[in-house]
Amino acid sequence: MEEIYKELQKIVGAEYVSNHAEERFMYSRDMGTMLPSMPDLVVMPDSPEEVQKVVQLANREGIPIVPMGGGLVLSGLTRPLKGGIVLDMKRMNRILEVNEVSRYVLVEAGTSQGMLQAYLKRHHPRLKHSCPDAPPIATIGGNVLIHGSGHLSHAAGFHSDMCNGLEVVLPTGEIARIGSCSTSPYWFSRAPLPDLAGLFMGWDGTTGVVTKLAMKLYPDRPFNDARVFITADPDLVPDVINRLAGAQVGEDLNSAINYRPGRTNVFPIVIITYGAETKEELTWKRNLIRESVRKYIDERTGGFVPFPPDRRKAFLQAPNTMLTQFADARRGGGFEYVGSIMPIEIFGDAYRAGVQISNRFDIVNGMGARVIGLAHCMMFFFGYPFNRADESDVERAREALEASNEAALKLGGIPWKAEAPAQQQIIKHMDPNTFELMNRIRSVLDPKGIMNPGNWEVN
Amino acid sequence: MEYAEILHRCFRCGYCKLPSDYTDLNCPTYLKFRFETYSPGGRMWLLRAWLNDDIKTSPRLAEIFFSCANCGNCIEHCVFPEFKADLLNAFVAGKEELVNEGAVPPSVRDYLQAMSLHGNPYKLPEAERGSWAEGLGLEPYTDQEYLYFVGCAGAFDERGQKMARAVAGLLKDWGVSFGILGAEERCDGNEVKSLGEVGLFDKLARENIQVLQNAGVEKIITLSPHGYHAIKNEYPGLGGDFQVYHYSQIMGSLMEKEKEFKNDKPLRVTFHDPCYLGRHNWEYQAPRNVLNALPGVTFTEMDRTKVNALCCGGGGGNFYTDVIGSGVDSSARIRVREAAEVEAEVLAVACPKCAKMLEDAIKAEDLDEKLRVMDLAEIVQTRLG
Ligand SMILES: Cc1cc2nc3c(=O)[nH]c(=O)nc-3n(C[C@H](O)[C@H](O)[C@H](O)COP(=O)(O)OP(=O)(O)OC[C@H]3O[C@@H](n4cnc5c(N)ncnc54)[C@H](O)[C@@H]3O)c2cc1C
Ligand code: SF4
Ligand code: SF4
């Protein structure tokens, strides 16, 4: 490894490679419940060419390589399960181009969500990107490649749907371009070409290192508001969501439930945010939203919670810091969630499964859902806070998460950004031919098996 | 270790790396080194790992801890209200442990050695502490209204001395009743404390308190925000209660009396908030009042300002120990690029350490033709005629 260390120093500069115990410790873990796994080296490249050289070296020597953005997935996907190199991508954070008319931005993969947000606010105040509620240091690359979602996902789908194209360093070291940018100087879409972006999305860094991405931008409206609907019956939520979505005015549509073992009446809330060009338009949209769920208001089975406007504004905060603060619920610095992509109609069942798991493990459960598209599906999450200083508490959260993964799969959902053990649970449910196809693709792309090995594999 | 009980509560979410609008990295050491270990959250996790014996004492660990500039950005932007106020206390406690083990970077060792042997980092005789004032005709403190306290940088650093003299000159011109301690002044100890050498800080602070009390001082004007911070917030705990002002806080009211500024040539000025005046003591307005009151001066804010200001990289002893080091990603260089971006001709400062750090950065960035550093008092002086 000493030779490799020296070669890496030549590629990225001595100060951006480390084999020190401190970095190896830090990059061996994330904030979730997965056990640590040490890298041999941490490397911070500054350009696609540097990434290319690092990958070529790793490919030549058969060294595992794990791309990392913010390292915020919580499910341990940036732990190098088989050692090797962690490639911290956050020095590659340049915003390369904004096309105002065709509404896209081209960024380096390590650009943080926060930096893009601030840049657009300053230089293109009429445009915004869909920001996840992850801490703002999360990267565009890391988030898109795991099919993230955020504040415009109700209007426009997964963040991977908003991606117009990629530049990627393949595991064998070639640089490839995917989408319109492969054929045209513009990064306007992935259509009409064969959609090769799928080779890199949802693979958890096991098929290549993405160096650039173009993301769709959307109007940033001057007037914004949020409405909060509450109902006592979780089984009504799918229809409430479906109706609210049907109004086609919302940008983000979420549900939230906080369950503590021993509590009986927990009412889910549904939050819809929307924007408008004028105050009149805002009122008009507000009325459309109200009308969409009038049935429940008339029947008195649900209604809007009358928050004052400044409280409602908290729901518009992007990213919303509340989710992060959940980590201190047990004065403990940790939480992890099983997000699972599910059809809307099983909301009630997912909720009950969450309550049951909470009671079984005697653990607080922050549940909720982000609606993707016009109620086309949802990311339903079961989140458990834990005390990092208490190993038994961490273990309890780990077990609750495993049970949540199982429950999600049983209900017909699929765990999202799944940790290595959960990937194996998914594979068990998967059509064997699909998994076989995945393996075949992977062996073509990565003949030496160097990319984030241990993920999307069967032990 | 004190504050050990909060270490595990850090989620390592990284809000603390950024300013409130997330524009860019705002922790000077993370900005420079870029490994997670050098971020505030990284420090929290490493410290816990070190106390739990999961990692050992090493030069790297020492570098990580002693490069912290004590700028307070992490305290400002951490999203966990229950423990954020103690982040820096925990880092200083960590440094204290490392000092006790003797595990400090060589430049920190040299600095602390110079401090205990000579009483100042410049290794100069303490008898020369008052020489900055030569030729100004300042009076030793007897029973004037204020004591003017300049600190080590004001007393010994060439750039600091110029600033100390400019402030003294103005105070004098404006007829403020003040005196100085000259060779009797001791280091305020702020940097020693921020480097975890708490025993030495205690000694220095008690010596100063004794001298100040013996002289009957009640009101103090400091040149440096670092001294301001130590005397205002740390000395009371050791029995030294004084009314402390940073010089920028005194200038506003004095300028109101100024009838006529003779020079009103247009000048485009931006201001760099010093961490120990700003984030540590919430004084953002006084320096701005000064600049806004000057005829001809167009005051313009940089992107990162007030609570979001980017530290010059000189805090936490780094002015003397330079553990952060230079390079294109050093915060001083980024800061002067920011000042140039808003097309300022003058980058105004209110701290002798910022003055030197930023002046060096201007040279390194080849911006000498476009931008110069001036302290508030120097700017005011040029406007007077
Ligand atoms: C408090 C909190 C709230 C959250 N809320 C949301 C939310 O609202 N929406 C949401 O979508 N997520 C959310 N998340 C999950 C997480 O933040 C996102 O997964 C995050 O945006 C991922 O980005 P990252 O840069 O941290 O990726 P990382 O964790 O660094 O990486 C994710 C995966 O992508 C791979 N990868 C990273 N960069 C590259 C690259 N350049 N090329 C190839 N592979 C790469 C990694 O190997 C890894 O497998 C939340 C997380 C937290 C802690
Ligand atoms: S110090 Fe606060 S903001 Fe920073 S990583 Fe830790 S918890 Fe997050
Ligand atoms: S005080 Fe400043 S330099 Fe030190 S960790 Fe906090 S933000 Fe970084």
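Everything numeric here is computed off the predicted structure, so don't read it as measured data. Lettering of chains follows the sequences in order, A, B, ..., and the numbering in each one begins at 1.
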Toward chain B, the part of A/Phe25 with a non-hydrogen atom under 4.5 Å: side chain

Engaged part of B/Leu25 at the chain A interface, taking heavy atoms whose separation is under 4.5 Å: side chain

Most chain B-contacting option - heavy-atom pairs closer than 4.5 Å, from A/Thr324, A/Val42, A/Asn93: A/Thr324

Contacting region of A/Tyr27 [heavy-atom separation from chain B under 4.5 Å]: side chain

B/Pro19 versus chain A, the contacting section by heavy-atom distance below 4.5 Å: neither

Under 4.5 Å from a heavy atom of chain A, the part of B/Leu18 involved: side chain

Pair B/Glu365 + B/Arg335, salt bridge at N-O below 4.0 Å: no

Contact origin within B/Phe35 toward chain A - heavy atom pairs under 4.5 Å: both

Ring-face cation contact, A/Tyr337 with A/Lys417, 6.0 Å cut, 45° max: yes

Residue pair A/Asp220 / A/Lys128: nearest heavy atoms and the distance that separates them: OD1-CD, 3.6 Å

Student check: side-chain heavy atoms of A/Gln113 and A/Ile140 closer than 4.5 Å: yes

Residue part contacting chain A, namely of B/Cys13, when any heavy atom lies under 4.5 Å: both

A/Asp328 versus chain B, the contacting section by heavy-atom distance below 4.5 Å: both

Region of A/Leu120 that comes under 4.5 Å of a non-hydrogen atom in chain B: neither

Donor + acceptor pair across side chains of B/Thr37, B/Arg60 (<3.5 Å): no

Chain B contact via A/Gln117 - side chain, backbone, both or neither, heavy atoms under 4.5 Å: side chain

Closest-packed option against chain B by number of heavy-atom pairs under 4.5 Å, given A/Gln325, A/Arg29, A/Met115, A/Lys121: A/Gln325

Over 12 foreign heavy atoms within 6.0 Å of CD, B/Glu2: no

Donor-acceptor under 3.5 Å (B/Lys95 side chain, B/Ser194 main chain): yes

Interchain contact, B/Leu46 with chain A, by part (heavy-atom threshold 4.5 Å): both

Min side-chain heavy-atom separation B/Ile64-A/Glu23 under 4.5 Å: yes

Between B/His77 and B/Asn308: side-chain donor-acceptor atoms closer than 3.5 Å: yes

Chain A contact via B/Leu7 - which portion, at a heavy-atom distance below 4.5 Å: neither

Residue, of A/Ala21, A/Gly70, A/Pro319, A/Ser112, that accumulates the most heavy atom pairs under 4.5 Å with chain B: A/Pro319

Salt bridge flag under 4.0 Å for residues B/Lys363 and B/Asp366: no

Under 4.5 Å from a heavy atom of chain B, the part of A/Met44 involved: side chain

Proximity breakdown for B/Asp329 and chain A, heavy-atom pairs closer than 4.5 Å: side chain

Test: B/Arg9 cationic atom under 6.0 Å from B/Phe80 six-membered ring centre, within 45° of axis: no

Residue pair B/Thr57 / B/Glu101, side-chain donor-acceptor N/O under 3.5 Å: yes

Portion of B/Phe33 that has a non-hydrogen atom of chain A nearer than 4.5 angstrom: backbone

Contact leader toward chain B among A/Glu15, A/Arg331, A/His20, where contacts are heavy-atom pairs under 4.5 Å: A/Arg331

Under 4.5 Å from a heavy atom of chain B, the part of A/Val17 involved: backbone

Structural part of A/Met68 lying under 4.5 Å from a heavy atom of chain B: side chain

Six-ring centre of B/Tyr30, B/Lys17 cation under 6.0 angstrom, axis tolerance 45°: yes

